[in-house]
Structure formats: structure tokens, C-alpha cells
Amino acid sequence: MQQISAPELAQWLADDSRAKPVLLDVREDWEVQTCALPGVTHIPMGQIVARAAELDPDAEVVCVCHHGGRSMQVASFLERQHGFGKVYNLNGGVHAWAEQVDPTMAKY
């Protein structure tokens, strides 16, 4: 698993020459309703074990949560238990995104 900063992810998403990653948001429903990056795939952390097969193990996946702790656990799980080879953790989560990339994003 690699760490990716909010500004690095923003550059990646803006780069039309590079395939977009799966943005896997592992927060709870109410958190995603409060704020979310555009185009996320939402699977709450508590459902990852049951729903991991919905994800492509060959895809580049960026795991996202509030501050980066839950997403790091999910990224590690996908890598170790399901053989995902291109997994990233959004360091600082949506909070870092709101602070460093999109100051209009709601914070909680």
C-alpha cells in the first residue's frame, strides 16, 4: 500500500492522460452524505469483507475515509487478503482534501 496526499490525488484526477483510480470511500452513509469526493464508490468499512468481490483487484484503488485511519486498514486488507496490487491510502482523508484542495467542501 502506498500513501497519497490530497494534492497528489488532485493532480492524478486532473491528468487526462492517466486512467482514473477507483475512489473507494469506506466511511458511513451519513459521512458520505455530509461530504464526498466526486465519483466515489461507497462501501462502508464494515461491509468490505462481504463486498470486496465487487472491486477489481487489478484496478488502481484509492481508499478514502475521514482522516485516513479506516481507509488505511481497508487498503491493507485489500492488499493482504485479496491480492490488490495497486492500493493507495488518501493520507489525511477527506479532511485533508477539504483543507488542501477544496476549501468549499463541508468539514465535520
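Exactly one of Val62, Val40, Thr41 qualifies for a side chain to side chain contact (heavy atoms under 4.5 Å, CB included) with Val22. That residue is Thr41. For the pairing with Arg70, the side chain to side chain contact (heavy atoms under 4.5 Å, CB included) check across Ile48, Val64, Val26, Asn89 returns one residue only, Val26.
Scanning both residues, Val101 and Ala10, for their nearest heavy atoms gives CG1-CB, 3.9 Å. Considering all non-hydrogen atoms of both residues, Arg27 and Val94 come closest at NH1-CG2, 3.7 Å. The shortest non-hydrogen separation linking Val87 to Cys63 is CG1-SG, 4.1 Å.
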For side chain to side chain contact (heavy atoms under 4.5 Å, CB included), just list the numbers for Val74 and Ile43, CA-CA rounded to whole Å, side-chain angles, deciding distance to a tenth of an Å, and then say yes or no. CA-CA 10 Å; Val74 170; Ile43 303 177; over 6 Å; no

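Here the CG-OG distance, from Leu23 to Ser71, works out to 11.5 Å after rounding to the nearest 0.5 Å. To the nearest 0.5 angstrom, Trp97 atom CH2 is 5.0 Å from Leu37 atom CG. Interatomic distance, CG of Leu24 versus CZ of Phe84, reported as 8.5 Å (0.5 Å rounding). Rounding to the nearest 0.5 angstrom, the gap separating the CG atom in Asn91 from the CD1 atom in Ile4 is 10.0 Å. Here CD of Gln100 is found 12.0 Å from CE of Met105. Values are rounded to the nearest 0.5 Å. Of the inter-residue distances, the one linking Lys20 atom NZ with Asp15 atom CG reads 6.0 Å to the nearest 0.5 angstrom.
Judged by distance alone, with hydrogens and angles left aside, the side-chain atoms of Ser76 form no donor-acceptor pair with the main-chain N or O of Met72 at under 3.5 Å. Counting only distance, with no hydrogens or angles, the side chain of Gln47 and the backbone of Pro44 share no donor-acceptor pair below 3.5 Å. A side-chain donor-acceptor contact under 3.5 Å links Trp12 to the backbone of Ala19. Here the side chain of Lys86 pairs no donor or acceptor atom with the backbone of Pro57 at under 3.5 angstrom.
Met1 and Val49 are members of different hydrophobic clusters when ILVMFWY side chains are connected at heavy-atom separations under 4.5 Å.
Within a 6.0 Å radius of CZ in Arg51, more than 12 heavy atoms belonging to other residues, nucleotides or ligands are found.
Residues in residues 55-68 take part in these side-chain hydrogen bond (donor to acceptor under 3.5 Å, both in side chains) pairs, two or more places apart or across chains: Glu60-Tyr88.
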